[in-house]
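As the structure is a computational prediction, the values presented were derived from the model and not from experiment.
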Amino acid sequence: MEAMIRKRAEVWSTYRKLMANLVPALAFVPVFAIGLMLYQRGQHIAALAFLVASPIVGLVAVNFLGLYQNSQMKQELRGLLSKEDAEP
């Protein structure tokens, strides 16, 4: 039983955790940074547009990119759970 729990923890690996958070950040951070840069240069209206758009871009990025390797994890867990159900 402990081996199955350990194996499940390995499926949601540190690499997958990092990628699920870093990949969406690659879309959000540049938009936010451009907004800050424009604000410092005195272009307040354009800066405001970028700063308002950055959370929207972040949410869309998490929705589409935050499920990094989700289908592979699903298959791995399905195999583990079916083995666990088969054991007495």
Side-chain angles (χ1 to χ4, degrees):
M1 181 69 167
E2 286 183 33
M4 287 293 178
I5 293 171
R6 197 172 322 124
K7 185 65 177 169
R8 277 192 232 161
E10 291 173 12
V11 171
W12 182 234
S13 65
T14 303
Y15 172 74
R16 285 180 171 155
K17 290 175 190 177
L18 285 173
M19 291 307 289
N21 290 298
L22 291 178
V23 171
L26 291 174
F28 164 78
V29 171
V31 177
F32 188 77
I34 290 170
L36 290 177
M37 191 173 59
L38 289 171
Y39 184 79
Q40 288 178 339
R41 292 183 178 175
Q43 299 175 359
H44 300 295
I45 305 234
L48 182 63
F50 274 91
L51 291 173
V52 167
S54 65
I56 296 167
V57 169
L59 288 172
V60 170
V62 166
N63 187 40
F64 288 107
L65 305 173
L67 299 175
Y68 182 77
Q69 293 187 345
N70 194 46
S71 60
Q72 290 176 351
M73 285 189 289
K74 206 179 208 182
Q75 289 174 354
E76 290 177 34
L77 288 172
R78 188 175 292 131
L80 286 173
L81 291 174
S82 65
K83 288 178 189 174
E84 187 176 285
D85 290 340
E87 289 181 4

- Is there a path from V29 to V57 through hydrophobic residues (I, L, V, M, F, W, Y) whose side chains come within less than 4.5 Å of each other?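 In one cluster with V29: V57, no.
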For [X] versus [Y], what's the shortest heavy-atom pair and its separation?
| X | Y | answer |
| --- | --- | --- |
| A61 | A27 | CB-CB, 3.8 Å |
| P30 | A25 | CD-O, 3.9 Å |
| V52 | P55 | O-CD, 3.2 Å |
| L36 | L51 | N-CD2, 4.1 Å |

- CG/L48 to CD/Q43 distance, rounded to the nearest 0.5 angstrom?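 Between atom CG of L48 and atom CD of Q43 there are 13.0 Å.
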- Message: So for atom CD1, which belongs to I45, do other residues, nucleotides or ligands contribute more than 12 heavy atoms lying within a distance under 6.0 Å?
- Response: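 Counting other residues, nucleotides and ligands, CD1 of I45 stays at 12 neighbours or fewer.
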- Check whether any side-chain heavy atom of L59 sits under 4.5 Å from a side-chain heavy atom of N63, and report yes or no.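 No - every pair of side-chain heavy atoms lies 4.5 Å or more apart.
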- With sequence neighbours excluded, residues passing side-chain contact (heavy atoms from CB on, under 4.5 Å) with F28: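 If we apply the side-chain contact (heavy atoms from CB on, under 4.5 Å) test to F28, skipping adjacent residues, the hits are F32, S54.
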- Task: Output all residues satisfying side-chain contact (heavy atoms from CB on, under 4.5 Å) with V62, sequence neighbours left out; order by chain, then residue number.
- Result: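 So V62 forms a side-chain contact (heavy atoms from CB on, under 4.5 Å) with P24.
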